[in-house]
Structures are given as structure tokens and as C-alpha cells.
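What follows is a short report on a single structure.
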Amino acid sequence: LAGDVVIDHNGKFLEPVAPAHPSFGALLRLLESGKVWVKLSAPYETSKTGAPAYEDVSALARALVKARPDR
């Protein structure tokens with residue numbers, strides 16, 4: 001990537017995926033490039049489990065923080 005990129009809404013997977021899903025792996029690889037940040041925002045937009053914990057989307061947020069807490 002030529003410039004820095006910010007991806008919002010935890011990657012905005014319209015159907016929440018598991019952290020082991022290949023699509024989520026692609027997002028983690030983008031983070032590793034050092035050119036990408038991910039905003040941990042609006043889990044209610046894609047969650048199927050819903051409030052208050054948004055377990056499906058929060059699993060992705062936790063995995064993102066674990067992989068790159070600085071991004």
C-alpha cells in the first residue's frame with residue numbers, strides 16, 4: 001500500500017466470521033504491513049448475537065488487539 005489506511009467497524013464483516021476464518025486472516029496480514037489500522041467500533045452493525053456483549057464481533061476485536069495492540 002502506498003499510504004496509510006484505516007479500516008473501520010472491526011473490518012466490517014457483514015456476516016461475522018470466526019477469528020480463524022481466512023478473510024479475517026487477510027485483515028490480520030494487512031495489520032502486519034504496518035500501513036493499516038483497524039477501528040474497533042460499532043459492533044451492533046454486524047453482530048448476530050447482539051447486546052450487551054456482541055460476542056461474535058467482540059471475538060474479532062479481541063483478536064485484533066491481541067495481534068496488534070498498537071494498531
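Quick note: numbers below take in every heavy atom, side chains included, and nothing from hydrogens, waters or symmetry partners. This chain uses plain numbering: 1 for the first residue, then up along the sequence. No experiment lies behind these values; they were computed from the predicted model shown.
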If you group Ile, Leu, Val, Met, Phe, Trp and Tyr by side-chain heavy-atom gaps below 4.5 Å, do V65 and L27 land in one group? yes
Just wondering, do F13 and L60 contact through their side chains at under 4.5 Å, heavy atoms? yes
Is there a side-chain contact between W37 and D70, using heavy atoms and a 4.5 Å cut-off? no
Any chain of hydrophobic side-chain contacts (each under 4.5 Å) joining I7 to Y54? no
OG of S33 to CG of D4: how many Å apart, nearest 0.5 Å? 8.5 Å
Ignoring hydrogens and geometry, is there a side-chain-to-backbone donor-acceptor pair from S47 to Y44 under 3.5 Å? no
Write out all pairs satisfying salt bridge (Lys or Arg N to Asp or Glu O under 4.0 Å) with one or both partners inside residues 16-29, taking only residues at least two apart or from two chains. none
Side chain to side chain donor-acceptor pair (under 3.5 Å) with R71: which residues, sequence neighbours excluded? none
What are the two closest heavy atoms between A63 and L28, and how far apart are they? O-CD2, 4.4 Å
Reported CD-to-NZ distance for the pair E45 and K12, which is rounded to 0.5 angstrom: 3.5 Å
Is it possible for you to say whether V57 and L31 belong to one hydrophobic cluster, with membership spreading through side-chain heavy-atom contacts below 4.5 Å? no
With sequence neighbours excluded, give me every salt bridge (Lys or Arg N to Asp or Glu O under 4.0 Å) pair touching residues 52-63. none
Between the main-chain N or O of G11 and the side-chain N or O of H9, is there a donor-acceptor pair closer than 3.5 Å? no
May I ask you to decide if S58's main-chain N or O and N10's side chain share a donor-acceptor pair within less than 3.5 Å? no
May I ask you to test the L64-F24 pair for a side-chain heavy-atom distance under 4.5 Å? yes
